[in-house]
Amino acid sequence: MKTAIIKTNDGCFVARFTEQGLAGLEFPAQSPAVARFDNQLDSAQRAWLKTTERAVRAILAGKEPAACPPLDLPKGTAFQRAVWRELRHIPPGVTRSYGEVARALKRPLAARAVGAACGANPIPLLIPCHRVLAANRRLGGFSGGLDWKRRLLEREGVSVNA
DNA sequence: AGTTCGGACCGTT
DNA sequence: AACGGTCCGAACT
């Protein structure tokens, strides 16, 4: 697993690449105690990095990315991957509730499990878990911090209840 | 209107 | 067996 940095106006994101594709994306750490980075990406990974950079910047601007790198989601359960795949169908500016995602997966009562799967999402932004709100149209939770969730939604033109 | 409370639900560890 | 990025209705203010 190789690590790369993506600089944006909102801070430096951390991207993790395997031989299969992008495996992880981390929000900028408040304490940039960044460990050592072996930036020895191979050529395929360098291409993925550029695609990832453009995709991240697009989403930070509230827009749909033109392209995404291949995603490598090794340690996800079948249910989690089903949730993550469903999330990728939600375009910018659109939100669903945890329960709605559960129903789309034919597990109408699994709203809480959907929330847990969102929390386990290794690639935020590209897998847009920030577009999933509580049923009362309030924010719900977010692993990366609710301020991030609110900010991302605002950039997409979504207004959220206090 | 808004808020709190309790129970029920599901997948993961 | 216990815990969550939940949900809904009921019972409040």
Side-chain angles (χ1 to χ4, degrees), chain A residues 1 3-6 8-18 20-35 52-53 55-65 68-162:
Chain A
M1 185 113 88
T3 300
I5 296 283
I6 296 178
T8 75
N9 296 336
D10 298 279
C12 295
F13 287 75
V14 180
R16 315 260 181 202
F17 291 96
T18 65
Q20 324 297 327
L22 177 67
L25 185 66
E26 298 164 24
F27 286 97
Q30 24 265 62
S31 62
V34 261
T52 304
E53 285 174 344
V56 165
R57 295 195 179 110
I59 296 189
L60 287 175
K63 302 191 305 183
E64 175 93 35
C68 282
L71 305 186
D72 183 23
L73 305 169
K75 50 187 206 323
T77 67
F79 177 80
Q80 288 170 334
R81 284 203 293 262
V83 171
W84 299 338
R85 183 167 53 85
E86 188 67 28
L87 298 188
R88 297 193 67 198
H89 296 159
I90 311 178
V94 177
T95 65
R96 302 266 165 75
S97 73
Y98 297 95
E100 285 171 334
V101 174
R103 277 176 283 185
L105 296 174
K106 307 296 187 195
R107 283 192 185 51
L109 303 181
R112 290 198 79 167
V114 167
C118 289
N121 169 20
I123 311 182
L125 300 195
L126 299 198
I127 298 175
C129 50
H130 62 279
R131 300 190 187 125
V132 187
L133 306 183
N136 51 18
R137 193 158 179 88
R138 301 173 74 135
L139 263 183
F142 196 61
S143 330
L146 287 177
D147 46 341
W148 266 110
K149 190 171 188 176
R150 194 161 20 231
R151 189 188 327 186
L152 292 169
L153 288 170
E154 281 173 6
R155 304 257 178 101
E156 300 180 3
V158 175
S159 64
V160 185
N161 290 349

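The sequence lines fix the lettering, A, B, ..., with proteins before strands; numbering per chain opens at 1.
Closest to the side chain of A/Leu109, out of C/dC7, C/dG5, B/dC10, is B/dC10. Distances were taken from every side-chain heavy atom of A/Gln80 (C-beta onward) to each of B/dT12, B/dC10, C/dC8; the shortest belongs to B/dT12. Closest contact between the side chain of A/Tyr98 and the listed nucleotides B/dC9, B/dG11, C/dG5 involves C/dG5. Ranking C/dG5, C/dC7, C/dT6 by closeness to the A/Cys118 side chain, first place goes to C/dG5. Closest to the side chain of A/Thr77, from the set C/dC7, B/dC9, B/dT12, is B/dT12. Considering only the side chain of A/Phe142, C/dG5 comes nearest among C/dC7, C/dT6, C/dG5.
Rounded to a whole Å, the CG atom of A/Asn136 is 13 Å from the C1' atom of C/dG5. A/Asn121 has its CG atom 16 Å from the C1' atom of B/dT12, to the nearest Å. Note: NZ (A/Lys106) to P (B/dG11) measures 16 Å, nearest angstrom. One can place NZ of A/Lys149 at 6 Å from C1' of C/dG5, the figure rounded to the nearest angstrom. As a whole-Å value, the separation of A/Arg81 CZ from B/dT12 P is 11 Å. The separation between A/Arg103 atom CZ and B/dC9 atom C1' is 14 Å, rounded to whole Å. Regarding A/Leu146, its CG atom lies at a distance of 14 Å from the C1' atom of C/dG4, rounded to whole Å. Between the CG atom of A/Asn161 and the C1' atom of B/dT3 there is a distance of 14 Å, given to the nearest Å.
Side-chain contact check for A/Pro92 versus A/Arg131: some heavy-atom pair is nearer than 4.5 Å. Side chains of A/Leu139 and A/Leu133 form a contact here, defined as non-hydrogen atoms less than 4.5 Å apart.
Note on A/Gly99: only backbone sugar-phosphate atoms sit closer than 4.0 angstrom, heavy atoms only; bases stay farther off. Within 4.0 Å of A/Phe79, counting heavy atoms only, lie sugar-phosphate atoms of the nucleic acid but no base atom. Among the atoms of the strands shown, only primed sugar atoms or phosphate atoms (P, OP1, OP2) are found under 4.0 Å from some heavy atom of A/Ala111. Using a 4.0 Å heavy-atom cutoff across all strands shown, A/Val132 reaches at least one base atom of the nucleic acid. When heavy atoms are screened at a 4.0 angstrom cut-off, A/Ala134 is found touching the sugar-phosphate backbone but no base atom.
The cationic group of A/Arg151 lies under 6.0 Å from the six-membered ring centre of A/Trp148 and within 45° of the ring axis, placing it in a cation-pi geometry.
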Worked check of salt bridge (Lys or Arg N to Asp or Glu O under 4.0 Å) between A/Glu156 and A/Lys63: CA-CA 7 Å; A/Glu156 300 180 3; A/Lys63 302 191 305 183; over 6 Å; no
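For the P atom pair drawn from C/dG5 and B/dA8, the interatomic distance equals 22 Å after rounding to whole Å.
When each of A/Arg112 and A/Ala116 is assigned the nucleotide of DNA chain B bearing its nearest heavy atom, the one mapping closer to the 5' terminus is A/Arg112.
Side-chain N/O atoms of A/Arg138 include one lying less than 4.0 angstrom from OP1 or OP2 on B/dT3. Phosphate proximity of B/dG11 to A/Arg107: present, with a side-chain N or O under 4.0 Å from OP1 or OP2. At least one side-chain nitrogen or oxygen of A/Ser97 sits closer than 4.0 Å to the OP1 or OP2 atom of C/dC7.
A pairwise comparison of heavy atoms in A/Ile5 and A/Cys12 identifies CG2-CB, 3.8 Å as the closest pair.
For A/Asn121 (side chain) and A/Trp84 (main-chain N/O), no donor-acceptor pair under 3.5 Å exists by modelled atom type.
Across every strand in view, B/dT13 sits in a pair with C/dA1 that passes the Watson-Crick or G-U test at under 3.5 angstrom.
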